[in-house]
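Labels below follow one simple rule: chain letters A, B, ... track the order of the sequence lines, proteins then strands, and each chain is numbered from 1. Hydrogens, waters and symmetry mates play no part in the numbers below; they use all other heavy atoms, side chains included.
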2 protein chains.
Amino acid sequence: MKQTRTNLSDADTRREAIVEAALAAFAQSGFAATPVTAVAALAGISQAYVFKLFPSKEGLFVAAVERCYERIEETLEQSAGRARSDDPNAILSAMGDGYAGLIADRTILMIQVHAQSAADVPAIRDAVRRGLARIVRFAKHRSGASDEAVQSFIAFGQLCHLITTADVFDLGEDWARLLARNIRHVPAN
Amino acid sequence: MKQTRTNLSDADTRREAIVEAALAAFAQSGFAATPVTAVAALAGISQAYVFKLFPSKEGLFVAAVERCYERIEETLEQSAGRARSDDPNAILSAMGDGYAGLIADRTILMIQVHAQSAADVPAIRDAVRRGLARIVRFAKHRSGASDEAVQSFIAFGQLCHLITTADVFDLGEDWARLLARNIRHVPAN
DNA sequence: AACTTCAGTGAGTACCTACTCACTCACCAT
DNA sequence: ATGGTGAGTGAGTAGGTACTCACTGAAGTT
């Protein structure tokens, strides 16, 4: 029995730290190209202990993807509360602002891109589906916007991912300006 | 001197075959997770010879990405010719139809997704940029549509990629139908 | 003091993979 | 025949990486 702490046990604290490190590490190089040692080093522990707390590299990646979508939903929720009116489009727009801030450091954005790329692994594909389901449902019900508006919200989010991964912002060329027009972009300080 | 053939030399024929094999192999597992042996096996030659014709795995992948965007541009061009009217939106719509057919077998779609995921490699990021530039410029000038319409064309293309990688078509759930609404989808044969 | 529990690790194992190199073989010109 | 050229490969090398396991050490329990 462990009731000396009302907080998480030490192992759970570690698990948290590892997921956080996994977000950062996998965001950099993706699922296949990121060794578990990189995650362990970032978390400041041995690689062996990572495998004691997570069943496999795949399981660790799935945990990171889940955390990623949780954080997106939280962010949408908070920013929806900051909308100036109850107009569905105003709420969606506020969510867009919040999301732009969230992905400023690219971590959450790149995890999604890498997860999409690794979605041939069934467990990863399922995690992406569950995450998408959460976000789409939340955006729809919280904003009350039309299906078309929510779909467009997601579509332009994907465009934003593309622009960011290819570093098209601030490129100056005609096609680049066309793509990036009116896309919210918070530079990563 | 080699002028007994007006066609490609044998080495160039091989190069072609290898790029074709690379498209298929990399589309399956992505850049990092696809060994060059897989490409070689698919092309029916030894791995050593692949490295004689391409400088590195990275160079091979870049060649595949370039081929991918070439094929997209060709497809857009052909399908634009089939538009029923000169109305910009009709032309863009015809391009969308053509693209939906092109990505039916997922190869061209997945190469783009994997390239985006591997875009931290400078040469790959540049290939993506060049490809995007071609497509955006072509779509804009050939259709004569507004910047907004072209941007939307690309954004919904990205949404289509997401839906496809996560296998959301035919999922039946509310959020899945919302996302896939009016997205062209040609089932793979 | 003896025992249990649990966070944590060093040092493997077994396998994979990018890339190289010395070599073969078929064909052609002289 | 002889020698050159270019397609093509078998057999490496060097390094990386997912995952395992026997172990340590500290803290609590009895």
Side-chain angles (χ1 to χ4, degrees), chain A residues 1-22 24-26 28-65 114 118 120-124, chain B residues 1-22 24-26 28-65 114 118 120-124:
Chain A
M1 285 299 171
K2 177 157 287 194
Q3 51 199 18
T4 54
R5 287 174 173 283
T6 50
N7 335 22
L8 298 170
S9 79
D10 282 333
D12 281 345
T13 306
R14 286 306 203 189
R15 233 180 284 265
E16 281 297 304
I18 293 171
V19 170
E20 221 53 47
F26 284 128
Q28 275 227 346
S29 318
F31 176 57
T34 304
V36 176
T37 53
V39 177
L42 213 63
I45 60 176
S46 72
Q47 187 229 35
Y49 194 45
V50 172
F51 280 103
K52 196 155 278 184
L53 296 185
F54 291 87
S56 62
K57 185 184 179 183
E58 185 183 313
L60 176 56
F61 188 73
V62 166
V65 172
H114 291 314
D120 57 306
V121 177
I124 298 178
Chain B
M1 284 295 171
K2 176 155 289 194
Q3 49 199 20
T4 55
R5 288 174 172 284
T6 52
N7 335 23
L8 297 170
S9 78
D10 283 334
D12 280 345
T13 307
R14 286 305 202 190
R15 234 181 283 266
E16 280 297 303
I18 293 170
V19 170
E20 221 54 46
F26 284 128
Q28 275 227 346
S29 318
F31 177 56
T34 304
V36 177
T37 52
V39 177
L42 213 62
I45 61 176
S46 73
Q47 187 229 34
Y49 195 45
V50 173
F51 280 103
K52 196 155 279 185
L53 297 185
F54 292 87
S56 62
K57 184 184 178 182
E58 186 183 312
L60 177 57
F61 188 73
V62 166
V65 171
H114 291 313
D120 58 305
V121 177
I124 297 178

Q: Measure from the side-chain heavy atoms of B:Gln47 and tell me the nearest of C:dC19, D:dA7, D:dA22.
A: C:dC19
Q: Compare the minimum distances between each of C:dC19, C:dG8, D:dG8 and the side chain of B:Tyr49, then state the nucleotide with the smallest one.
A: D:dG8
**Q.** C:dG8 OP1/OP2 closer than 4.0 Å to side-chain N/O of A:Arg14
**A.** yes
Q) Nearest of C:dA18, D:dA18, C:dC21 to any side-chain atom of B:Ala48? A) C:dC21
Q: Figure out the CG/C1' separation between A:Leu53 and D:dA18, and round it to whole Å.
A: 16 Å
Q) Say you draw a straight line from NZ of B:Lys52 to CD1 of B:Ile18; how long is it, rounded to the nearest 0.5 Å? A) 12.0 Å
Q: Can you figure out which of C:dG8, D:dA18, D:dG8 approaches the side chain of B:Lys52 most closely?
A: D:dG8
Q: Kindly point out which of D:dT9, C:dC19, D:dT20 is positioned nearest to the side chain of A:Phe51?
A: D:dT20
(Q) Using 0.5 Å steps for rounding, measure from the CD1 atom of B:Ile45 to the CG atom of B:Leu53. (A) 6.5 Å
**Q.** Out of C:dA18, D:dC19, D:dT17, whichever nucleotide has its closest atom nearest the side chain of A:Pro35
**A.** D:dT17
Q) Between A:Phe61 and A:Phe31, how do the two ring planes meet: parallel, tilted or perpendicular, split at 30° and 60°? A) tilted
Q) Relative to the 5' end of DNA chain D, which residue comes earlier, B:Gly44 or A:Ala33, by the nucleotide with the nearest heavy atom? A) B:Gly44
Q.
What is the distance, to the nearest angstrom, from the CZ atom on B:Arg15 to the C1' atom on D:dG6?
A. 13 Å
